[in-house]
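Inspection log for the structure reproduced underneath, given as structure tokens.
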Amino acid sequence: QQKVQQSPESLTVSEGAMASLNCTFSDGTSNNFRWYRQHSAKGLEVLVSIFSDGEKEEGRFTAHLNRANLHVSLHIREPQPSDSAVYLCAVSTSSGSWQLIFGSGTQLTVMP
Amino acid sequence: NSKVIQTPRYLVKGQGQKAKMRCIPEKGHPVVFWYQQNKNNEFKFLINFQNQEVLQQIDMTEKRFSAECPSNSPCSLEIQSSEAGDSALYLCASSPTGGSENTLYFGEGSRLIVV
């Protein structure tokens with residue numbers, strides 16, 4: 001079964017400095033990867049969806065996918081304090097009735 | 001911003017009590033998922049529907065939970081007899097079609113506390 005792991009568990013950056021988050025997965029046959037953000041006690045907000053190797057940019061958020069290395073990353077350009085949240089990597093299962101498998105998240109804190 | 005509406009935002013139940021949560025998916029989204037998120041940010045898939053039909057559910061959901069998505073009414077997830085380990089954030093999500101290429105849009109969740 002697909003396993004998704006995120007690193008680091010927590011990350012603190014200064015406002016304006018690039019923030020980079022990592023996600024590894026165990027099943028390279030999956031072809032749908034998403035990054036979500038969750039502010040405290042709130043629902044999940046989708047940031048970027050990526051379906052093929054390479055890069056996908058959505059505003060200040062850029063995802064990089066390398067399925068051969070079982071790795072997808074998220075880079076946040078010019079982070080602001082309002083970007084402080086838990087960032088979740090989600091991978092679709094590739095067989096049967098699909099569902100999303102989530103990592104346990106990276107807590108990002110952006111200091112002013 | 002997601003238009004998935006979940007109620008109530010919080011509910012507190014004693015052990016053994018029923019706990020019921022509701023979800024109105026985004027308009028035009030026939031696919032609905034329920035997830036449980038515990039305090040360690042671990043997500044557990046519970047059940048999903050396409051229109052009123054159950055697509056997939058885990059064993060726990062079959063035995064202690066009941067869920068439905070009737071036409072023209074909110075979807076619901078009910079725990080028949082709450083246990084301490086059920087304390088979690090219950091997230092509902094909807095999707096425009098059943099394919100995995102589609103994004104799930106989440107509500108803000110119902111936080112259950114079992115005392």
Contacts under 3.5 angstrom, residues 69-76 of chain A side chains, donor-acceptor by atom type, not counting sequence neighbours:
from, atom 1, to, atom 2, distance (Å)
A:H71, NE2, A:N22, OD1, 3.1
A:S73, OG, A:H75, NE2, 3.1
A:H75, ND1, A:S20, OG, 2.8

Problem set entry | Distance in Å, B:F106 CZ paired with A:Q38 CD, rounded so as to fall on 0.5 Å steps | 9.0 Å
Exercise. Taking the side chain as C-beta and beyond, is there a heavy-atom pair between B:F43 and A:L88 under 4.5 Å?
Worked result: yes
For this session: With rounding to the nearest 0.5 Å, note down the distance linking CD in A:Q6 to CG in B:N41.
Result: 9.0 Å
Exercise. Side chain, backbone, both or neither: which part of A:S104 has a non-hydrogen atom closer than 4.5 Å to chain B?
Worked result: both
Problem set entry | Greater than 12 external heavy atoms within 6.0 Å of A:M18's CE | yes
Problem set entry | Shared hydrophobic cluster for B:L11 and B:V114 (ILVMFWY, side-chain gaps under 4.5 Å) | yes
Exercise. Do A:V4 and B:L46 sit in the same hydrophobic cluster, where Ile, Leu, Val, Met, Phe, Trp and Tyr count as joined when their side-chain heavy atoms come under 4.5 Å apart?
Worked result: no
Problem set entry | Gap between atom OG of A:S49 and atom CG of B:L104 - 0.5 Å precision | 9.5 Å
Problem set entry | CD on B:Q37 to CZ on A:F102, rounded to 0.5 Å | 8.5 Å
Problem set entry | CD/A:Q5: more than 12 non-hydrogen atoms of other groups inside 6.0 Å | no
Exercise. Any side-chain heavy-atom pair from A:L100 and B:F45 closer than 4.5 angstrom?
Worked result: no
Exercise. Under a 4.5 Å side-chain heavy-atom rule over Ile, Leu, Val, Met, Phe, Trp and Tyr, are B:V31 and A:I101 clustered together?
Worked result: no
Problem set entry | Toward chain A, the part of B:Q6 with a non-hydrogen atom under 4.5 Å | neither
Exercise. Do you know which two heavy atoms are closest between A:Y36 and B:T103, and how far apart they sit?
Worked result: OH-CG2, 3.8 Å
For this session: Nearest 0.5 Å please: distance from the CD atom of B:E108 over to the NE2 atom of A:H39.
Result: 11.5 Å
Exercise. Out of curiosity, does B:I58 fall in the hydrophobic cluster containing B:L77 (side-chain heavy atoms, cut-off under 4.5 Å, transitive links)?
Worked result: yes
